[in-house]
Amino acid sequence: MTLRLYDTATREVRDFVPLEEGRAGVYVCGLTVQSEPHVGHVRSGVNFDVLQRWLRHSGYDVTFIRNVTDIDDKILGKAEALGRPWYAHAATMKRELDAAYAALNVAPPTYEPAATGHVPEMVELIEALIEKGHAYAAEDGSGDVYFDVRSWPAYGELTSQRIDDMEAAEDADPRGKRDPRDFALWKGRKESEPSTASWPSPWGRGRPGWHIECSAMAGKYLGSAFDIHGGGVDLRFPHHENEQAQSRAAGHPFASYWMHNAWITTAGEKMSKSLGNSLTIPSVLQRFRGIELRFYLVASHYRSHVEFSFEALEESAAGFRRVEGFLDRAGEVEPGALPQGFVDAMDDDLGTPAAVAVLYDAVREGNRLLQAGDAAGARERAGAVRAMLGVLGLDPADPAWGASSRAEDKAQAALDMLIRARMDERRAARENRDFALADAIRDELKNAGISVQDGPDRDYQWSLD
RNA sequence: GGUGGGUUGGCCGAGAGGCGAGGCAACGGACUGCAAAUCCGUCUACACGGGUUCAAAUCCCGUACCCACCUCCA
């Protein structure tokens with residue numbers, strides 16, 4: 001079976017056929033760095049990271065581009081409210097985003113272009129569109145440039161909408177537009193905006209519209225035509241529709257496949273609307289490890305809507321700890337071969353839920369072998385488990401999860417020694433059949449946040465709750 | 001008004017005409033001094049009403065409810 005992907009444009013799962021044998025060009029819309037990243041933001045990062053890893057595993061030479069929008073209305077607005085320069089605020093939020101991706105083991109893209117670094121490319125693209133009669137400078141002297149949707153008959157093809165059925169943007173200032181649905185390619189500078197937020201152009205100083213950024217950057221790094229374009233479902237319209245219209249109107253074939261990840265909501269609403277900041281990545285990471293959050297995100301299909309809850313995250317984490325427990329018990333092994341069921345699941349539009357089911361099958365089988373005393377058999381299963389986890393970016397042994405710092409190592413060693421002393425006492429108590437004392441010791445450790453497990457022999461294991 | 005998606009067992013969450021996905025929880029058993037961990041077993045579900053079919057959670061028609069997008073959101 002070959003890799004099959006759901007293409008939003010054709011609304012069907014179809015074989016992935018790259019433009020060039022053995023290579024895959026992928027462009028994913030990254031974030032607008034305007035606020036702290038929350039769980040919803042990183043879902044896209046994790047989902048497309050899985051795509052990237054699976055393509056690589058499947059033998060493709062992948063060029064993965066994920067942009068950063070570092071100039072837009074929200075950034076300007078928030079920076080002003082904070083009394084900081086917009087670029088400083090954007091840079092701060094970019095670092096937060098990087099930290100969030102790192103905490104979730106989202107591999108860095110091949111390149112991560114920023115919008116502000118590609119204004120000349122955008123201007124060039126806009127000029128080409130004007131020349132071909134698909135864009136025009138506003139006649140009201142605003143310095144805006146708009147894309148002429150009526151000039152492009154295919155407009156609406158990505159989301160199967162007809163221009164006449166669309167609601168016109170109400171807030172958009174209709175002045176200077178030929179059709180209310182025309183969208184801005186270039187925004188003339190407004191007096192109220194900082195001068196640092198504008199660049200020279202043939203139409204006067206201004207800044208690029210949101211959609212043109214991605215067309216220009218995808219074209220620059222992936223070429224006129226490339227394989228996969230991804231992003232969140234909300235971007236289908238207008239962002240992706242507009243991107244495709246611009247690029248194709250300018251003569252570029254653009255993306256062959258469109259992939260969109262579904263939303264993750266809380267209490268039935270978008271995270272961006274939910275109050276408070278309990279769902280920002282740093283705050284979630286105070287309660288769960290990055291690997292647990294990533295497992296939770298990977299265990300559901302990227303096209304399925306997920307209703308986030310800490311209860312569900314806890315259940316998912318409990319399951320993942322069982323996987324880790326097996327690996328701990330099986331001993332160190334190198335990643336082995338992937339079970340065919342896993343490969344088939346992943347090839348079927350990145351069927352991570354089915355892939356995770358195969359993972360659990362291997363864990364259960366491995367535990368069973370371990371219990372039966374078949375250490376070699378168990379290690380083989382452990383090798384498969386590690387291989388599967390590796391593809392999903394969930395291998396606990398991956399140094400990306402943070403090789404513990406030196407200080408942590410020392411603390412760990414110190415704790416280990418203290419616990420060993422208490423466990424020696426506990427074993428002595430058990431041998432004397434003083435179970436009250438034995439239980440008291442275990443309870444004492446439990447109260448300190450340390451869970452211990454022991455059997456009839458000398459062996460025991462401990463872990464922090 | 002237009003476009004797209006959804007409703008699955010106590011909970012989470014796959015599947016998309018016929019073989020009990022999987023996880024979490026619970027309960028029973030094995031193992032343990034007792035626990036924990038692990039394994040075995042139990043819990044046979046697909047919003048509602050029709051229809052097609054030898055066979056429907058899956059296809060068709062209808063109904064109800066939910067969600068997303070159609071202005072800046074992953």
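In this text the structure is predicted, and so the values were computed from the model without any measurement. Naming convention: chains lettered A, B, ... in sequence-line order (proteins, then strands); numbering from 1 in each chain.
With a 3.5 Å limit on both pairing distances and Watson-Crick or G-U wobble geometry required, the stems of 3 or more pairs in RNA chain B span B:1-7 with B:64-70, B:10-12 with B:22-24, B:26-30 with B:38-42, B:47-51 with B:59-63.
Qualifying salt bridge (charged side-chain N to carboxylate O under 4.0 Å, His left out) partners for A:Glu157, counting only residues two or more places apart in sequence or in other chains: A:Arg248.
Using atom C1' as the reference point in both B:C65 and B:C54, the two lie 34 Å apart (nearest Å). Separating the P atom of B:C19 from that of B:C61 is a span of 24 Å, rounded to the nearest Å.
By the 5.5 Å and 30° criteria, A:Tyr360 is not stacked with the base of B:G23.
Not one side-chain nitrogen or oxygen of A:Asn261 sits closer than 4.0 Å to the OP1 or OP2 atom of B:A74. Remark: A:Thr32 is in phosphate contact with B:C73, judged by side-chain N or O atoms under 4.0 Å from OP1 or OP2. Between A:Arg364 and B:G23 there is a side-chain N or O to OP1 or OP2 distance below 4.0 Å. Considering only side-chain N and O atoms, A:Arg322 lies under 4.0 angstrom from the phosphate OP1 or OP2 of B:C39.
Of the charged side-chain nitrogens involved, at least one lies within less than 4.0 Å of a carboxylate oxygen, so that A:Arg207 and A:Asp73 count as a salt-bridged pair.
Applying the ring-ring contact (aromatic ring centres under 6.0 Å, His included) test between A:His211 and each of A:Phe183, A:Tyr146, A:Phe237 identifies A:Phe183 as the sole match.
Using a 4.5 Å heavy-atom threshold, the side chains of A:His301 and A:Asp349 count as touching.
For A:Arg162 against B:C70, no side-chain N or O and base N or O form a donor-acceptor pair under 3.5 Å.
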Contact list (N/O, under 3.5 angstrom) for nucleotides 13-16 of chain B vs protein:
from: B:A14; atom 1: OP1; to: A:His301; atom 2: N; distance (Å): 2.9
from: B:A14; atom 1: OP1; to: A:Ser304; atom 2: OG; distance (Å): 3.0

